[in-house]
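Let me begin by presenting the structure, written as structure tokens, before commenting on it.
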Amino acid sequence: MSNATLESGADMADGTARHGVEQLSMQQALNRALDEVLAEHPKTLVFGEDCGRLGGVFRVTDGLQAKHGSGRVFDTPLAESGILGMSVGLAMAGFHPIPEVQFDGFAYPAINQIVCQIARMNYRSRGTLPMPITLRVPSFGGIRAPEHHGESLEALFAHVPGLKVVSPSNPHEAYHLFKYAATRPDPVIFMEPKSRYWQKGEVDLANAEAGGGSPTDAKVMREGRHLTLVAWGAMVARCLQVAGLAAEDGIDVEVLDLRWLKPIDEAALAASVRKTRRAVVVHEAPLTSGLGAEVAQLITQACFDTLKAPVERITGFDVPYPSGDLEDEYIPNVDRILFGIQRVLEYRRG
Amino acid sequence: MAAVRHLDTSAIAWQRQGLIPGYAPELGQEAAQVGSGYAVDTTRDFVFPTYREMGVARAMGVDMVAYMSTHKATWHGGLYNPLESRLAPIQAVVGGSVLHAVGWAHGQTLAGNADGRLGVAMTYFGDGASSQGDIHEAMNFAAVMKAPVVFFVQNNGWAISVPTEHQVAGGSVAARAAGYGIPAQRIDGNDVVAVVEATRHAFAHARAGNGPALIEAMTYRRGPHSTSDDPGRYRSLNEERDDAGEDPLERFRKRLLADGVADEAFFAEALAAAKAEEELLRAGVQELGSRPGNEMFDLVFQETTPALQAQAANWREESEHV
Ligand SMILES: Cc1ncc(C[n+]2csc(CCOP(=O)(O)OP(=O)(O)O)c2C)c(N)n1
């Protein structure tokens with residue numbers, strides 16, 4: 001095995017144990033996770049535009065340069081292709097790069113390096129040059145930002161052989177999924193839902209998967225009997241809200257947080273929908289060739305005999321992500337999701 | 001310049017008051033922007049801005065409510081008509097439109113306009129943007145094709161938190177032009193007269209069919225990168241004072257007074273006019289409603305698709321339902 005595979009320890013490098021439950025925002029949880037990964041794994045490097053001195057435009061890397069030094073946490077010139085291309089060489093030299101692109105839309109200038117190089121170097125080199133690169137991408141919309149600051153790129157990344165894709169939905173997930181992703185020997189695109197950076201939540205620092213499960217499973221966030229809502233990233237919170245509203249009408253909705261968008265936990269999808277017999281997939285990205293299509297097909301394949309209705313998709317539209325004034329028209333809102341649930345529940349076989 | 005300064009500082013207030021969600025101020029860059037924009041011939045030239053060229057837009061006579069609409073989050077590219085204004089849509093991608101300028105400029109050559117009457121493209125970018133590979137491709141293409149394009153670099157010392165010395169190897173963007181055989185001028189970007197002269201010179205060079213030219217206007221971003229930025233995290237007030245140099249407005253004012261071209265009454269009048277203009281613009285921006293949601297669908301293609309029409313129909317039905 002290459003030196004790229006990193007073992008994850010239970011305790012901090014400085015000997016302090018991690019335990020307890022803390023109230024953290026996702027930004028704080030990620031900052032903590034990065035800090036610990038840097039401390040525990042000497043080959044990790046954190047870099048990108050404004051990641052060092054400023055601590056990132058979302059402050060996710062705040063304080064890390066002061067603590068771990070400017071050799072391990074540094075600002076790069078403003079060039080995404082450069083950042084990702086350099087990551088390839090660093091990985092070849094035995095490092096574990098954790099680059100950041102400042103916003104989702106600025107992964108586009110790096111696509112050449114991500115798709116043509118990072119994703120296939122392991123294959124090209126017959127396994128001798130693995131690419132343990134964890135690319136952090138503040139993702140999705142909802143913050144009334146300028147153009148290219150609200151995009152959902154998961155389907156693009158998931159389509160590329162050689163990449164893995166994950167997105168946390170809350171601070172606890174962010175902390176643990178990041179610590180897991182950042183110690184893998186393969187490239188992982190880590191999509192951070194920027195609209196949820198500042199919401200606080202309980203982070204059980206020692207216990208990643210309360211109630212069992214593994215870090216690569218999808219996770220049932222709310223149990224239900226009548227229908228499964230499948231979501232990831234920022235849409236999980238919205239789906240939980242929808243499930244609460246549906247419960248008032250006696251509709252018992254299960255919410256499945258997919259977490260890994262590649263590879264998708266097919267067994268969890270099958271288990272949930274075999275039980276509820278109905279599913280709605282929710283994502284912000286445009287409809288056509290979105291990840292919802294993949295999820296719907298996996299469900300159909302596994303549950304065709306038990307499904308009571310076709311899988312419904314509630315998504316963004318096939319339009320460029322709009323300016324702030326039209327953002328709420330674009331992102332799946334509570335009403336659109338409830339309509340989708342209604343259509344599925346009312347479906348009758350012709 | 002007075003109008004631009006007043007609108008720029010007012011826009012920050014608009015943001016604080018909740019009128020607009022964000023803004024990218026150009027405080028300190030007025031001479032570079034107004035001076036270069038002033039040299040554009042809007043009957044035949046075309047300008048490619050970034051997200052910070054409000055002063056250029058104003059100098060070119062662009063409808064400023066339509067320009068500011070991008071900061072109201074009404075429409076990403078702004079609501080002005082780029083073809084009529086000769087100003088490409090506001091560009092959020094750093095370095096995103098520099099190659100477009102080269103293409104537009106080469107189009108002028110292909111269209112057969114005689115040397116001396118060529119339309120010229122001017123493209124703006126920053127010291128940070130100069131790190132992007134596209135910029136190097138643009139300079140090489142332009143030089144190989146002898147495209148009538150002016151690369152106007154505003155070196156304002158910072159790309160968000162990263163100072164020029166950590167961004168630009170060799171410390172100068174102008175020096176790179178030599179590698180492509182492009183004539184470059186590194187000028188005092190806070191001296192509006194120098195900016196006008198340098199820009200006119202570069203335009204004349206390009207218009208005459210001599211190919212591209214580059215101007216690196218040395219200036220300083222006196223304000224935050226944007227209204228969500230906190231410069232205190234990466235530079236001190238003392239550093240700002242030392243590095244900013246003399247205020248470009250103050251400098252021009254002194255010069256006009258010394259040359260006897262203007263008196264105090266002139267400046268008082270200019271300020272009053274700037275205030276009146278800002279009030280009108282503010283009212284205009286305030287009145288800007290959201291664009292109708294169907295524009296999301298209608299403006300994706302010239303020839304729409306059945307799937308998109310179906311999505312639009314669903315959207316209409318569901319939004320009426322609510
Ligand atoms: C391709 C791309 N990467 C990152 C960003 C985020 N970003 C916006 S402005 C900026 C700094 C730009 O600096 P510079 O080019 O010097 O221009 P200035 O903002 O100083 O006018 C960054 C990193 C972006 N808009 N586009």
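Every chain is numbered from 1, with letters handed out A, B, ... down the list of sequences.
B:I160 touches chain A through backbone and side chain together, each having a heavy atom under 4.5 Å away. Both the backbone and the side chain of A:E80 come within less than 4.5 Å of a heavy atom of chain B. Of the two parts of B:A129, only the backbone, made up of N, CA, C and O, holds a non-hydrogen atom closer than 4.5 Å to a non-hydrogen atom of chain A. A:F106 touches chain B through its side chain: at least one heavy atom from C-beta onward sits under 4.5 Å away, while N, CA, C and O do not.
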Problem set entry | side-chain contact (heavy atoms from CB on, under 4.5 Å) evaluation trace for A:E154 with A:F140 | CA-CA 10 Å; A:E154 65 270 29; A:F140 315 120; 3.6 Å; yes
Exercise. Going through the checks in order, is the ring pair (Phe, Tyr, Trp, His ring centres under 6.0 Å) test met by B:W315 and B:F297?
Worked result: CA-CA 10 Å; B:W315 165 80; B:F297 303 96; 5.7 Å; yes
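The candidate from B:T70, B:T74, B:V162 with the greatest count of non-hydrogen atom pairs under 4.5 Å with chain A is B:T74. The candidate from B:Q91, B:H71, B:Q311 with the greatest count of non-hydrogen atom pairs under 4.5 Å with chain A is B:Q311. Note: A:P77 leads A:P77, A:P146, A:G52, A:G82 in heavy-atom pairs under 4.5 Å with chain B. Contact count versus chain B (heavy atoms, under 4.5 Å) is highest, among A:D75, A:I143, A:D62, for A:D62.
Taking the six-membered ring for Trp and thresholds of 30 and 60 degrees, A:W198 and A:F58 have ring planes inclined between 30 and 60 degrees apart. Ring geometry, B:W158 versus B:Y234: the interplanar angle falls from 30° to 60°, so the pair is classed tilted. Between B:F152 and B:Y124, the two ring planes are tilted [angle within 30° to 60°].
Checking B:S172 against B:E216 by side-chain atom types alone, a donor-acceptor pair falls below 3.5 Å.
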